[in-house]
Visitor: 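Quick one: the structure is below, questions incoming.
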Amino acid sequence: MNPPDHPFSPRPDGARRLESAVFWIFRAAAYLILACGAAVFLDIVVKGSATVFQSKAPFVNTAFLTQAPESLYVFEWEGQPRRMGDREFRAFKEATPAAANVKAESYVYSSGGIFPCIAGTVLLVVGSMTIALFLGVCAAIYLNEYARDGRFIRFVRLAILNLAGVPSIVFGLFGFGMFVIFFGWNVSLLAGWFTLAFMVLPVVITASEEALKAVPIGFRAGSLALGATKWQTIWRNVLPYALPGILTSSILGIARVAGETAPIMFTAAYVVRDKLPWEVERAVDFLFQGVMALPYHIYVVSSKIPQNEFTERVQYGTAFVFLVIVALIAASSILLRNRLRTRYKW
Amino acid sequence: MSQLSSSASAPTPQFPIHKRRLRFLGLTVEDCIKSFFGGNALISVVVLGLITFFLVKEGAGFLGQNRQNLAIYRLAGLEFVDHLRRQSEDHTALTRYLSDLRLRTLNQWTGPGGLTLEAANARLAEFDDYAARFGDAADPLRGMVSDLSEVATAIKTKFLVNEDKKEERRQLLAEGKVAEAGAVVITAVDFPAELRPLRDSLPAYREANREFSTRLGALLAAAPRLPEPELQRRMDRFAELGRTYVATFPGIERDLAVWDHARPVSAAEAFTAFIFGRQWLTASFWQDWYGVVPLLTGSFLVALVALSLAVPLGVGAAVYVNQIASQREQRFIKPGIEFISAFPSVVLGFFGIAVLGQALRAMSQLPWLSWVPGFPYSERLNILTAGCLLALIAVPTIFTLAEDALNNVPRALKEASLALGASRLQTTIRIIVPASLSGIISAVLLGLGRVVGETMVVLLCAGNRIAIPDFTQGLGFIVEPVHTMTGIIAQEMGEVVRGSIHYRALFMVGLVLFILSLTINYAAQHIVRRYRISIG
Amino acid sequence: MVTVPSRLDSTPPASGPAPARRPTVVEGVPPSVPAPAAGQPLVEIEHLDFFYGASQALREITLGIERQKVTAFIGPSGCGKSTLLRCLNRMNDLIEGTRIVRGSIRIHGVDINQPDVDVIELRKRVGMVFQKSNPFPKSIHENITYGLRLQGIRDKAKLDEIVERSLRGAALWDEVKDRLGESAMGLSGGQQQRLCIARAIAVEPEIILMDEPCSALDPVATAKVEELIQDLRSRFTIVIVTHNMQQAARCSDRTAFFYLGKLIEYADTRDIFTNPANPQTEAYVSGRFG
């Protein structure tokens with residue numbers, strides 16, 4: 001190695017090699033994480049799209065998305081392996097009397113579709129987010145617009161931070177104890193809405209407060225100096241500009257609400273229910289009915305039925321639909337937030 | 001004030017800045033709006049309070065019920081029998097040790113020894129004879145345990161039937177049906193009388209015990225010798241264990257002699273039986289135990305595995321993105337990792353069942369990986385599987401918060417270090433990371449909170465075996481199945497009878513979980529606060 | 001920059017009561033006078049002590065602001081001039097920990113800090129223009145009508161008329177009359193500031209407070225705003241905070257010099273700049289500190 005010929009020539013090789021080796025370790029960590037995430041995502045997308053998509057037009061397996069779950073019957077008939085859903089199997093047995101006593105293996109939920117689960121999840125998300133947004137935005141308005149720093153506000157903020165750390169299963173227990181038993185709502189949409197809303201409340205409050213903070217103080221001062229009341233100022237000159245931010249960040253909350261299983265296990269979710277949520281006799285019943293939900297259905301089909309070629313269809317299909325829904329919500333939130341950051345510069 | 005009144009009374013006030021606003025209960029509309037929002041801000045405090053209240057409300061009854069549960073255990077003599085049962089079980093453990101030793105010997109002889117199976121079995125005839133004699137030695141004890149078990153169970157059943165009748169009578173009385181209530185016959189259980197068979201068995205037990213220990217002593221002295229030193233070492237170890245076992249007999253006899261069915265169970269005992277109880281056993285024909293320790297251990301072991309994977313990865317990635325990566329890399333790594341945080345845990349749990357469990361098991365069976373503790377293993381759902389998936393859940397949390405902490409280090413610090421001629425690595429390691437250390441620690445703590453509170457992954461992938469793993473095999477415990485606090489609530493809550501002791505025990509577990517997560521959260525915030533002060 | 005000497009020169013050398021009033025530092029009007037008489041200051045500030053938390057921002061301020069004149073508050077940064085200005089329409093209420101410990105501010109003889117005073121009504125009559133122009137991200141038209149709509153004025157013809165009048169008043173009409181529907185955020189900095197002035201005068205306040213209105217503007221825009229202030233003085237009482245001494249000299253009638261929360265000297269602008277009574281004032285206006 002040549003000796004350095006001027007004072008600014010590169011440092012000795014050993015140190016540089018160490019530096020780049022350490023940097024490579026850090027780089028490996030970052031990419032390993034991404035690779036793991038991608039592996040999970042791709043596994044479910046690839047295997048799940050086999051259920052959800054098909055090669056013929058309309059390319060989407062509409063039956064899977066629009067039907068209710070059914071049991072799957074697997075049997076051998078005239079030397080041919082056959083698979084049939086519950087209704088089809090019964091019709092088949094009626095049509096061919098010889099098959100009345102055919103020996104069939106049955107797998108619950110493995111045929112048909114997941115429509116009631118999708119409907120239930122949508123209902124749960126819409127209801128709980130409505131509650132959470134209302135409560136959360138109001139709380140954020142107080143914290144950011146009205147509150148003056150003091151022991152009370154510090155206490156409230158501490159409570160919000162701590163609420164964010166409470167495990168979701170504890171929310172489930174709480175919802176069960178309070179709404180299901182104490183209020184006597186039983187396992188119902190309403191109980192699920194409130195449980196999920198309370199769980200996601202800290203996310204919504206924090207997001208809303210940040211969005212309110214982003215509105216320049218001058219908008220408030222200018223409005224107040226023109227003789228607007230505090231509420232007029234907030235309503236006309238703060239909320240409209242904070243709203244996009246509030247909604248965008250709250251989408252992350254939606255992803256959380258849609259993705260959680262533990263809080264709805266004993267408050268809102270049914271393993272199986274024949275009727276769709278809107279098939280109720282009285283309007284009140286709508287609120288007090290349990291629903292099927294995608295995350296809970298995944299739990300059921302992945303833990304209560306065996307893993308084999310016959311059940312894989314519904315397992316991966318449900319996981320795929322669910323993951324895609326949640327991922328779309330989350331991705332749109334991340335994208336919107338990045339766009340919003342560049343767009344709103346006062 | 002005089003000028004105010006004068007200006008107010010003037011026909012056209014020059015400066016009309018007084019206005020009578022609508023008031024409700026002395027509040028203007030503005031005040032009402034403000035208190036409305038204030039009320040909403042309070043909601044998180046209220047929710048926290050309600051969570052505490054309902055967990056305590058549903059769980060508080062547990063202590064009383066568990067106290068009664070333990071009291072019956074003692075009153076009906078189950079505790080007495082369990083002393084004997086433990087003795088019998090310890091003997092069974094020794095027998096298992098022997099059969100394990102036999103298997104090893106057989107493997108040794110048929111493998112490297114080159115013997116055929118028949119020949120090896122033939123050579124083991126003496127050993128088998130010894131093992132059989134050793135096993136049979138406990139027969140009188142086993143017989144006694146089974147006889148006395150029946151007696152104790154009968155007493156317990158009698159008591160429970162009585163309790164049911166009492167409840168029935170109470171209900172009838174509450175409904176005003178006095179005659180029917182009078183018809184319910186309750187015969188109080190005379191415990192001392194009922195327990196006489198147990199107490200009377202003591203002299204016979206002592207006699208049997210003496211004989212048992214002599215037989216064991218003789219057997220241990222005449223243990224067969226094995227040719228290989230390694231195997232012989234185990235044989236010696238067996239004899240040593242056996243002698244320790246025999247030495248426990250007088251203690252058991254003493255315990256039985258002083259055992260008193262009427263000794264009251266204190267509330268503290270009921271509480272410690274929960275907090276320090278090493279067994280969670282429900283719906284058992286003999287006795288239910290509600291000890292949180294196996295669940296707590298399970299939760300922490302899973303969290304430990306998850307964090308030991310997630311912390312290096314998460315912090316490493318945060319350092320990379322914050323200090324080393326180019327703008328372009330940052331733009332896809334950060335959203336990518338944030339995107340992972342949106343994966344629903346139940347989907348990850350399903351992935352664990354469907355793919356990762358098998359994949360890890362297959363990996364463990366690779367010969368060149370057999371040095372890893374616990375490898376190879378056969379249970380596909382275990383601490384390791386759940387830990388790997390939980391790591392994926394914890395990584396985004398740790399990454400995001402650690403990256404924030406690194407970001408908060410003033411630019412000036414970094415520039416000052418670089419200007420003094422430090423390399424980028426030196427600056428990162430010596431300036432940036434130490435300056436953000438408390439932020440990183442709190443990120444790790446919040447990740448821990450996330451992992452301990454996570455339900456679906458552990459419910460689906462941790463194996464759900466309620467037992468404290470065997471730590472004697474070193475790190476091998478990471479491939480044992482466990483059950484966790486979150487998992488047990490999710491699994492059993494749907495099946496328990498409302499108001500039963502089991503139901504309340506689950507709420508107690510929830511309370512423990514709640515307190516634990518609050519503590520972790522508080523610690524994380526405390527560290528962050530101190531960190532803010534130190535930066536100025 | 002030529003305006004400075006010319007304005008000072010154009011004023012008659014000895015204008016009546018000014019010399020007599022020179023030591024105005026105290027005793028403006030006796031507090032016992034019930035109704036404001038003609039010629040009496042519109043705003044009377046008496047013995048005002050003001051605190052931000054534990055630190056005192058204003059000490060013993062006593063000052064009278066005359067109607068339909070431009071009064072300038074000058075002084076080095078942190079001297080309390082903006083604080084005093086914000087006391088006049090109680091914008092300080094919005095800042096935590098502020099309080100008036102002693103003294104009073106009366107406008108038309110009404111103490112504005114009494115609990116029965118409606119601060120909203122006060123602010124309608126005491127308008128304000130801020131240091132940083134703060135048009136709302138709405139159209140120009142909506143910016144002007146914001147305050148009027150708050151008062152419940154919905155009549156479109158009337159609103160349009162006020163918009164035109166205010167914009168003309170703020171010398172902005174010709175520049176924006178064709179794009180009233182466009183966002184105010186698209187205007188230049190000077191236009192934005194004049195829009196804010198137009199917005200303030202649209203609600204017909206009596207007093208307009210200006211908190212360093214030109215500090216973020218370039219010289220050309222500054223000149224326009226200063227011209228505007230000259231036009232407005234016939235209709236409004238204007239109080240302007242500035243740390244640009246030429247500006248105070250150019251456009252104000254009366255000037256108050258503050259230092260460390262105290263009113264050092266208050267007199268006709270001409271006197272302050274040509275013949276200050278207090279050596280500190282002299283040092284400041286001659287540029288020796290601050």
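Residue numbers start from 1 in every chain, and the chains themselves are labelled A, B, ... in the order their sequence lines are given, proteins ahead of strands. This is a predicted model, so every value here is computed, not measured.
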Visitor: Quick check for you: among A:Phe155, A:Phe134, A:Phe176, which has the greatest number of heavy-atom pairs under 4.5 Å with chain B?
Guide: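 Going by pairs under 4.5 Å, I would pick A:Phe176.
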Visitor: Would you find a donor on one side and an acceptor on the other, under 3.5 Å apart, between the side chain of B:Gln491 and the backbone of B:Leu459?
Guide: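 Such a contact is absent between B:Gln491 side chain and B:Leu459 backbone.
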Visitor: Can any side-chain N or O of A:Thr267 pair as donor or acceptor with the backbone N or O of A:Ala191 at less than 3.5 Å?
Guide: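 Here the side-chain-to-backbone pair does not exist.
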Visitor: Identify which part of A:Tyr316 has an atom lying under 4.5 Å from any heavy atom of chain B, answering side chain, backbone, both or neither.
Guide: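 Its backbone and side chain both get close to chain B.
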Visitor: Out of B:Pro335, B:Ala354, B:Gly349, B:Cys388, which one racks up the most heavy-atom pairs below 4.5 Å with chain A?
Guide: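 Winner by heavy-atom pair count: B:Ala354.
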Visitor: Taking every non-hydrogen pair under 4.5 Å, which of A:Ala38, A:Ala327, A:Ala330 racks up the most with chain B?
Guide: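 The residue among A:Ala38, A:Ala327, A:Ala330 with the greatest pair count is A:Ala327.
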Visitor: To the nearest 0.5 angstrom, please state how far the CE atom of A:Met199 sits from the CD atom of A:Glu260.
Guide: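 Going from CE on A:Met199 over to CD on A:Glu260, the span is 4.5 Å.
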Visitor: Say whether, by atom type as modelled, one donor and one acceptor occur between the side chain of B:Glu403 and the main chain of B:Ala318 under 3.5 angstrom.
Guide: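 Looks like no, no N/O pair under 3.5 Å.
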Visitor: Quick one: which of B:Ile43, B:Leu460, B:Val395, B:Ile429 has the most heavy-atom pairs under 4.5 Å with chain A, could you say?
Guide: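 Ranked by contacts with chain A, first place is B:Leu460.
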Visitor: I'd like to know if the side chain of B:Glu495 and the backbone of B:Glu492 have a donor-acceptor N/O pair within less than 3.5 Å.
Guide: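 No: the side chain of B:Glu495 does not pair with the backbone of B:Glu492.
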Visitor: Return the option, out of A:Ile153, A:Ile181, A:Ile25, with the maximum number of heavy-atom pairs under 4.5 Å with chain B.
Guide: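 Option with the top pair count is A:Ile181.
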Visitor: Less than 4.5 Å to any heavy atom of chain B: does that hold for the side chain of A:Leu201, its backbone, both, or neither?
Guide: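 Looking at A:Leu201, just its side chain touches chain B.
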Visitor: Drop me the distance from A:Leu135's CG to B:Leu42's CG, to the nearest 0.5 angstrom.
Guide: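 A:Leu135 CG to B:Leu42 CG: 12.0 Å, rounded to 0.5 Å.
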Visitor: Looking at A:Gly136, is its backbone amide N or carbonyl O close enough to the side chain of B:Asn40 to form a donor-acceptor pair, meaning the two atoms are under 3.5 Å apart?
Guide: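 It does not hold such a pair.
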Visitor: Using heavy-atom distances under 4.5 Å, tell me whether B:Leu48 contacts chain A through its side chain, its backbone, both, or neither.
Guide: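 Both parts, backbone and side chain.
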Visitor: So for A:Met178, is it side chain, backbone, both, or neither that comes closer than 4.5 Å to the heavy atoms of chain B?
Guide: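 Both backbone and side chain of A:Met178 come within 4.5 Å of chain B.
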Visitor: Less than 4.5 Å to any heavy atom of chain B: does that hold for the side chain of A:Ile160, its backbone, both, or neither?
Guide: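 For A:Ile160, the contact with chain B is made by backbone and side chain together.
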Visitor: Pick one of side chain, backbone, both or neither for A:Val166, based on which atoms fall under 4.5 Å of a heavy atom in chain B.
Guide: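 Interface part for A:Val166: both.
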Visitor: Pick one of side chain, backbone, both or neither for B:Ile333, based on which atoms fall under 4.5 Å of a heavy atom in chain A.
Guide: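 Its backbone and side chain both get close to chain A.
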Visitor: Are side-chain heavy atoms of A:Trp231 and B:Lys34 found at a separation under 4.5 Å?
Guide: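 The answer is no; the side chains never approach within 4.5 Å.
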Visitor: Given 3.5 Å as the limit, does a donor-acceptor pair link the side chain of A:Asn162 with the main chain of B:Asn521, or not?
Guide: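 The answer is no, because no donor-acceptor pair under 3.5 Å joins these two groups.
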Visitor: What pairs of donor and acceptor atoms, side-chain ones from residues 446-457 of chain B against any protein atom, are under 3.5 angstrom apart with sequence neighbours left out?
Guide:
unit_1: B:Glu454; atom_1: OE2; unit_2: B:Ser345; atom_2: OG; d: 3.0
unit_1: B:Glu454; atom_1: OE2; unit_2: B:Met456; atom_2: N; d: 3.1

Visitor: For A:Ile44, is it the side chain, the backbone, both or neither that has a heavy atom under 4.5 Å from a heavy atom of chain B?
Guide: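 Answer is side chain: those atoms of A:Ile44 sit under 4.5 Å from chain B.
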Visitor: Counting only non-hydrogen atoms closer than 4.5 Å, does B:Leu518 touch chain A with its backbone (N, CA, C, O), its side chain (CB onward), both, or neither?
Guide: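 For B:Leu518, heavy atoms of backbone and side chain both lie under 4.5 Å from chain A.
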Visitor: Among B:Leu50, B:Leu55, B:Leu348, which has the most heavy-atom pairs under 4.5 Å with chain A?
Guide: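 Result: the option with the highest number of such pairs is B:Leu50.
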Visitor: Name the region of B:Phe36, side chain, backbone, both or neither, that has any atom closer than 4.5 Å to a heavy atom of chain A.
Guide: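 Side chain of B:Phe36 only, per the 4.5 Å heavy-atom cut-off to chain A.
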Visitor: Would you say A:Ser303's side chain and A:Tyr299's backbone share a donor-acceptor pair under 3.5 angstrom?
Guide: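 At least one qualifying donor-acceptor pair exists.
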Visitor: Is there a side-chain contact (heavy atoms from CB on, under 4.5 Å) between A:Cys117 and A:Thr318 once you walk through the steps?
Guide: CA-CA 9 Å; A:Cys117 311; A:Thr318 316; 5.8 Å; no
Visitor: Looking at A:Ile205, A:Val22, A:Thr261, which one has more heavy-atom pairs under 4.5 Å with chain B than the rest?
Guide: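 Going by pairs under 4.5 Å, I would pick A:Thr261.
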Visitor: With respect to chain B, which residue among A:Ile298, A:Val170, A:Val156, A:Val40 yields the maximal number of heavy-atom pairs within a distance under 4.5 Å?
Guide: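 Among the listed options, the one with the most contacts to chain B is A:Val40.
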Visitor: Let me know if B:Val45 has heavy atoms under 4.5 Å from chain A in its side chain, its backbone, both or neither.
Guide: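 Interface part for B:Val45: both.
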Visitor: Quick one: does B:Phe399's side chain get under 4.5 Å of B:Glu338's, heavy atoms only?
Guide: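 In short, these two side chains do not touch, never coming nearer than 4.5 Å.
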Visitor: For the atom pair CD1 (A:Ile33) and CG (B:Leu392), what is the distance rounded to the nearest 0.5 Å?
Guide: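 Rounded to the nearest 0.5 Å, the CD1-CG separation comes to 8.5 Å.
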Visitor: From B:Leu360 CG over to B:Leu381 CG, what is the distance, rounded to the nearest 0.5 angstrom?
Guide: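 Going from the CG atom of B:Leu360 to the CG atom of B:Leu381 covers 10.5 Å.
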Visitor: Using a heavy-atom cutoff of under 4.5 Å, enumerate the residues of residues 504-516 of chain B that contact chain A, numbered in order, or state 'none'.
Guide: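 The residues closer than 4.5 Å to chain A, in numerical order, are B:Leu506, B:Phe507, B:Gly510, B:Leu513, B:Phe514.
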Visitor: If only atom types and distance count, is the side chain of B:Thr385 paired as donor or acceptor with the main-chain N or O of B:Gly357 below 3.5 Å?
Guide: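 No, because the side chain of B:Thr385 does not come within donor-acceptor range (under 3.5 Å) of the backbone of B:Gly357.
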Visitor: With a 4.5 angstrom heavy-atom cut-off, could you sort out which part of B:Ile340 is near chain A: side chain, backbone, both or neither?
Guide: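 Just its side chain gets close to chain A.
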Visitor: If you count heavy-atom pairs under 4.5 Å between each of B:Arg498, B:Glu58, B:Gln323 and chain A, which one has the most?
Guide: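 The residue among B:Arg498, B:Glu58, B:Gln323 with the greatest pair count is B:Arg498.
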Visitor: Quick one: what part of A:Phe266 sits under 4.5 Å from any heavy atom of chain B, side chain, backbone, both or neither?
Guide: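 The side chain, not the backbone.
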Visitor: May I ask you to check whether B:Phe351 and B:Phe343 place their ring centers less than 6.0 Å from one another?
Guide: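 Not close enough - the centres of the two rings lie 6.0 Å or further apart.
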Visitor: Can you say whether A:Glu145 sits under 4.5 Å from chain B via the side chain, the backbone, both, or neither, judging by heavy atoms?
Guide: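 Answer is neither: A:Glu145 stays 4.5 Å or more from chain B.
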Visitor: Who wins among B:Ser44, B:Gly39, B:Pro396 for the most heavy-atom pairs under 4.5 Å with chain A?
Guide: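 Between B:Ser44, B:Gly39, B:Pro396, the count favours B:Ser44.
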Visitor: Between B:Val347 and chain A, which part of the residue has a heavy atom less than 4.5 Å away: side chain, backbone, both or neither?
Guide: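 Both backbone and side chain.
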Visitor: Measure the CG-CD1 distance between A:Leu163 and B:Ile51 for me, rounded to the nearest 0.5 Å.
Guide: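 Nearest 0.5 Å value for the CG-CD1 distance: 5.5 Å.
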Visitor: Could you look at A:Asp43 and say if it's the side chain, the backbone, both or neither that has a heavy atom under 4.5 Å from chain B?
Guide: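 Just its side chain gets close to chain B.
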Visitor: Using the side-chain contact (heavy atoms from CB on, under 4.5 Å) rule, take A:Ile131 and A:Phe198 through it: C-alpha gap first, then chi angles, then the decisive distance, then the call.
Guide: CA-CA 9 Å; A:Ile131 298 170; A:Phe198 285 160; 5.6 Å; no
Visitor: Using a cut-off of under 4.5 Å for heavy-atom pairs, which of A:Ser302, A:Ala331, A:Gly259 has the most such pairs with chain B?
Guide: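 Heavy-atom pair counts peak at A:Ser302.
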Visitor: Heavy-atom distance under 4.5 Å to chain A: side chain of B:Phe54, backbone, both or neither?
Guide: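 Looking at B:Phe54, just its side chain touches chain A.
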Visitor: With chain A, which of B:Gly494, B:Pro344, B:Ala391 has the greatest number of heavy-atom pairs at distances under 4.5 Å?
Guide: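 The option with the most such pairs is B:Pro344.
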Visitor: Going from CZ on A:Phe23 to CZ on A:Phe26, what distance comes out if it is rounded to the nearest 0.5 angstrom?
Guide: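 Going from the CZ atom of A:Phe23 to the CZ atom of A:Phe26 covers 8.0 Å.
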Visitor: Please lay out, stage by stage, how A:Ile141 and A:Tyr146 fare under the test side-chain contact (heavy atoms from CB on, under 4.5 Å).
Guide: CA-CA 7 Å; A:Ile141 287 177; A:Tyr146 286 100; 4.1 Å; yes
Visitor: Contact part of B:Ile337 toward chain A, heavy-atom cut-off under 4.5 Å: side chain, backbone, both or neither?
Guide: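 Both backbone and side chain.
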Visitor: For A:Phe320, is it the side chain, the backbone, both or neither that has a heavy atom under 4.5 Å from a heavy atom of chain B?
Guide: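 Neither part.
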